[in-house]
Structures are given as structure tokens and as C-alpha cells.
Visitor: 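Got a structure for you, questions after.
Everything numeric here is computed off the predicted structure, so don't read it as measured data.
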Amino acid sequence: MDKISAEEMKNEGETTVKESGIESHPYAFHVSGPRNVPSPNWKDLINSSWRKDANYKRTVMACFIQAVYLLELDRQENRTEQNALAPKWWIPFRYKLVETLKDERDGSIFGAILEWDRSAALADFVLIRPSGAPRAVLALRGTILKSQTMRRDIEDDLRFLAWESLKGSVRFSGVLKALKAIADKYGSNNVCIAGHSLGAGFALQVGKALAKEGIYVEAHLFNPPSVSLAMSFRNIGEKAGFAWKRIKAMLPSKADSQISCEEGGATSFRVGLKQWVPHLYINNSDYICCSYTYADGAQNDQAATNKENAKPTNCSQAAAKLFLSSKGNQKFLEAHGLEQWWSDNLELQMAISNSKLISQQLKSLYTMPAAQLTPVKR
């Protein structure tokens, strides 16, 4: 069977809408969804789009997150199974909804688990799951400014703004439990987590929490939040610390000391774990996420301060794949929107960057205080 493109699905949908006389919704898949994206078919058994086309995976992950936004809007607007908008955003890719994550305080849907739909795939003669296609995806939406869920969404936005941590949120424990469950069921190599805006913040912090346990789940983070008061105060403290180190370097030293990677001055050592490398999709015109592109000047400042007595350190480089939108200056709503990530005219640059914020977020995965290490017996 030949590939059925999203464009063809749109044309079919538009014909159905026209015939039924129902006005097309702006969030309907055939109206605002991606164009020219093929559905899986038997050819993918040989040449998988999931494995060989990074744009395809990014597009599908963004569509799954859009589905979560629409699950909540369908709930708020009392849509039935027959006229719901959300399912059209996962059905073309041969996935099915198996669980929704709900906020116990207001009943709002903030996440969903989508699994590979074997029955739907078999109907298209796709006998096995294409290489690279995850068995399950946990998708998380961002803030919705509608009365029924706005309060709880903004509470978590403010939580991140104040403390740069979402661990105190009810949603954090729910996401962690759900991700761990599907990782245990299918294996971490067969699972992805994806989120947009606030949802990307949860995905990053939950993914990091599991990575500390040695469970590495592929993560796709769209417009993750980077602005916080905690980060601002830390930057002020770091600048003061660098200034003091420069002054101290000019004074006579009693003994050589090793520079620490950890805050607080404790000597750090690399833990023997593989790296967890999340995928971050950033637009520099979006002030919520643009701080992820700021270069890490800490190591350069430290090296300059101690260049005469430089010694190799055991600090490890925290890693992430940054994909930067290269459209130039854009208005905030466009730059922060999810729709840009499946746009036909999207231009991306992959950055191998020593981002300061990524280092702050991820370095705890690969370093630990010397006091926590077991002494080596001789």
C-alpha cells in the first residue's frame, strides 16, 4: 500500500466537512496539522522514517503534544467521541491513546500515554513496528489560559519561576510514576517523553530524575522554560564568585587546590554512567526558552583564573542536542508556539553547545561529592 500523506488526509477531511456543512475547526488536523507527512506503511519495514528522518520524529512528537492540548479542550467543551479533535493528531501515525494524566485537583488533562497501535498498523500491512518508532510516548502539554485549568497551570509556572523546580507539584509525581511504569513495561529504549513549554519543564526534570536511577528515556523538549528568579540569583552569585577567584589568584597561595564542578566547593568525581542527552527545540525570539543558548563561560573564567597552575579536573560536560529555529526575529506568540515545529518552512540548526543552563540542569547527573564515594580498598 502506498503512503497516505497528511495532505491527502486534509483534502479528504475538507471534503467531509464541506459535505456535512459543519464549519471546520482551526485546530482540526486537516486544517492546522503538518502537510506531506506520510503514515507508516510496509515500506517502513525496510526504510524507516522514524530511524532515518529526524524531521519526521520531531513532527510526530509535536503532534502528540498538540493532541494533549486538544484532549483538555475537548473535555472543557464537552466534545463526544464522534466530534473530538484530539484523536486525529495520533491516528495517522498509527498510535492509540491508552491513558490520560489528570490533575486530581481540577480534573484537567495535562498529559497522555500513546502506544503503538498494532491492529491499525496491520490493517496497512505493517507487520512489525518500524525501526526507531517508540512503543510508547508520554506527551505533556503546556499552559492553557482558560478558566478551568488556568489556575493550576499558572501555579506550576510560578513554581518554576520562583524555584526552578517542579518537584513540589502534584503533576510531577504523576508524570514520574507514569514514565517509570511504561519504561518498566517496554524498556527505557522503547519509550519517549515529549513536552512543550511547561510540559517540557516537567519532561526535563522527570527525565533527569529517572536518569539518576540509571533509566535513560529519550526526551524531546519544545520551548522548555529557562527564565527563573533562582537562576538570576545564582548568576549574581556566580559573578561574585568569579570576581573573588580572580582576586584570590593574585594573592599568595599556601597550597594548590582543585577547582570543584559542584556548587559549594565539594570535590566532584564522574560517576560511571552513560550520558542522558535530551533534545531541546529552541527559538531565540522566545524569551521563555532562549536562555538555553547562552554559552557557559564558567569553565573559561576558571581556566583564566588558574591558568598558571592549571590541573586536569574530573568535571564532566553535561550534554544536550539543541535545535535552533533560524527564521530570525519573530513575535513572541509565534516563537513560543508549538505549530512552528511541524511547519513546512521550518529551518533548523543543530548546535553542539556548552550551554550554561544545560550545564546547570544536567551536571548533577554525572558528578557527586567525594563524601558519597566509597573509598577504594588497597
Visitor: Do Leu333 and Ile288 sit in the same hydrophobic cluster, where Ile, Leu, Val, Met, Phe, Trp and Tyr count as joined when their side-chain heavy atoms come under 4.5 Å apart?
Guide: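 Yes, it is one cluster - the side chains of Leu333 and Ile288 are joined through contacts under 4.5 Å.
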
Visitor: With sequence neighbours excluded, what pairs up with Ser173 under the side-chain hydrogen bond (donor to acceptor under 3.5 Å, both in side chains) test?
Guide: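 Ser173: no side-chain hydrogen bond (donor to acceptor under 3.5 Å, both in side chains) contacts found.
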
Visitor: Can you find a pair of side-chain heavy atoms, one from Pro130 and one from Trp116, that are under 4.5 Å apart?
Guide: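 Pro130 reaches Trp116 side chain to side chain.
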
Visitor: Just by modelled atom types, is the Asp344 backbone N or O under 3.5 Å from a matching donor or acceptor in the Arg35 side chain?
Guide: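 Side chain of Arg35 to backbone of Asp344: no pair is present.
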
Visitor: Looking at Ser325 and Asn283, would you say the former's side chain and the latter's main chain have a donor-acceptor pair under 3.5 Å?
Guide: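 The answer is no, because no donor-acceptor pair under 3.5 Å joins these two groups.
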
Visitor: Inspect the contact between Asp153 and Lys146 and indicate whether a charged nitrogen and a carboxylate oxygen are less than 4.0 angstrom apart.
Guide: no

Visitor: Tell me every residue that passes ring-ring contact (aromatic ring centres under 6.0 Å, His included) with Trp90, counting only those two or more places apart in sequence or in another chain.
Guide: none

Visitor: Looking at Ala335, is its backbone amide N or carbonyl O close enough to the side chain of Gln340 to form a donor-acceptor pair, meaning the two atoms are under 3.5 Å apart?
Guide: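 It does hold such a pair.
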
Visitor: Does any N or O in the side chain of Asn83 come within less than 3.5 Å of the main-chain N or O of Thr80, such that one atom is a donor and the other an acceptor?
Guide: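 A pair under 3.5 Å: yes.
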
Visitor: Output yes when a side-chain donor or acceptor of Ser108 lies under 3.5 Å from a complementary backbone atom of Asp103, and no otherwise.
Guide: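 No; judged by distance alone, with no hydrogens or angles, the pair does not exist.
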
Visitor: Which pairs would a plain distance check flag for residues 195-202, meaning a side-chain donor or acceptor within less than 3.5 Å of a matching protein atom at least two apart in sequence or in another chain?
Guide:
residue	atom	partner	partner atom	Å
His196	ND1	Tyr69	OH	2.7
His196	NE2	His336	O	2.8
Ser197	OG	His336	NE2	2.9

Visitor: Looking at Asn329, I want to see if its CG is surrounded by more than 12 non-hydrogen atoms of other residues, nucleotides or ligands under 6.0 Å.
Guide: no

Visitor: Taking the basic N atoms (NZ, or NE/NH1/NH2) and the acidic carboxylate oxygens, is any pair closer than 4.0 Å for Lys180 and Glu213?
Guide: yes

Visitor: Counting only heavy atoms not in Tyr186, do more than 12 fall under 6.0 Å of its OH?
Guide: yes

Visitor: What's the shortest heavy-atom distance between Thr100 and Leu71, and which atoms?
Guide: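 Where Thr100 meets Leu71 most closely, the heavy atoms are CG2-CD1, 4.2 Å.
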
Visitor: What residues form a ring-ring contact (aromatic ring centres under 6.0 Å, His included) with Tyr56, not counting sequence neighbours?
Guide: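 Tyr56: ring-ring contact (aromatic ring centres under 6.0 Å, His included) contacts with Trp50.
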
Visitor: So among Arg105, Arg152, Glu155, which one has a side chain to side chain contact (heavy atoms under 4.5 Å, CB included) with Val170?
Guide: Arg105

Visitor: Identify, with sequence neighbours excluded, every residue that meets ring-ring contact (aromatic ring centres under 6.0 Å, His included) alongside Phe64.
Guide: Tyr95

Visitor: Which residues satisfy the side-chain hydrogen bond (donor to acceptor under 3.5 Å, both in side chains) test with Trp89, sequence neighbours excluded?
Guide: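 If we apply the side-chain hydrogen bond (donor to acceptor under 3.5 Å, both in side chains) test to Trp89, skipping adjacent residues, there are no hits.
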
Visitor: Under 4.0 Å between a Lys/Arg side-chain N and an Asp/Glu carboxylate O for Arg151 and Asp106?
Guide: no

Visitor: Does Glu115 use its side chain to pair, donor to acceptor, with the backbone of Ala136 at less than 3.5 Å?
Guide: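 Such a contact is absent between Glu115 side chain and Ala136 backbone.
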
Visitor: Using 30° and 60° as the class limits, which term best fits the ring planes of Tyr281 and His220: parallel, tilted or perpendicular?
Guide: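 Aromatic pair Tyr281/His220 classed parallel.
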
Visitor: Contact between Leu101 and Arg171 at the side-chain level, heavy atoms closer than 4.5 Å - yes or no?
Guide: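 No, their side chains stay 4.5 Å or more apart.
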
Visitor: What's the shortest heavy-atom distance between Leu280 and Ala320, and which atoms?
Guide: CD1-CB, 4.2 Å

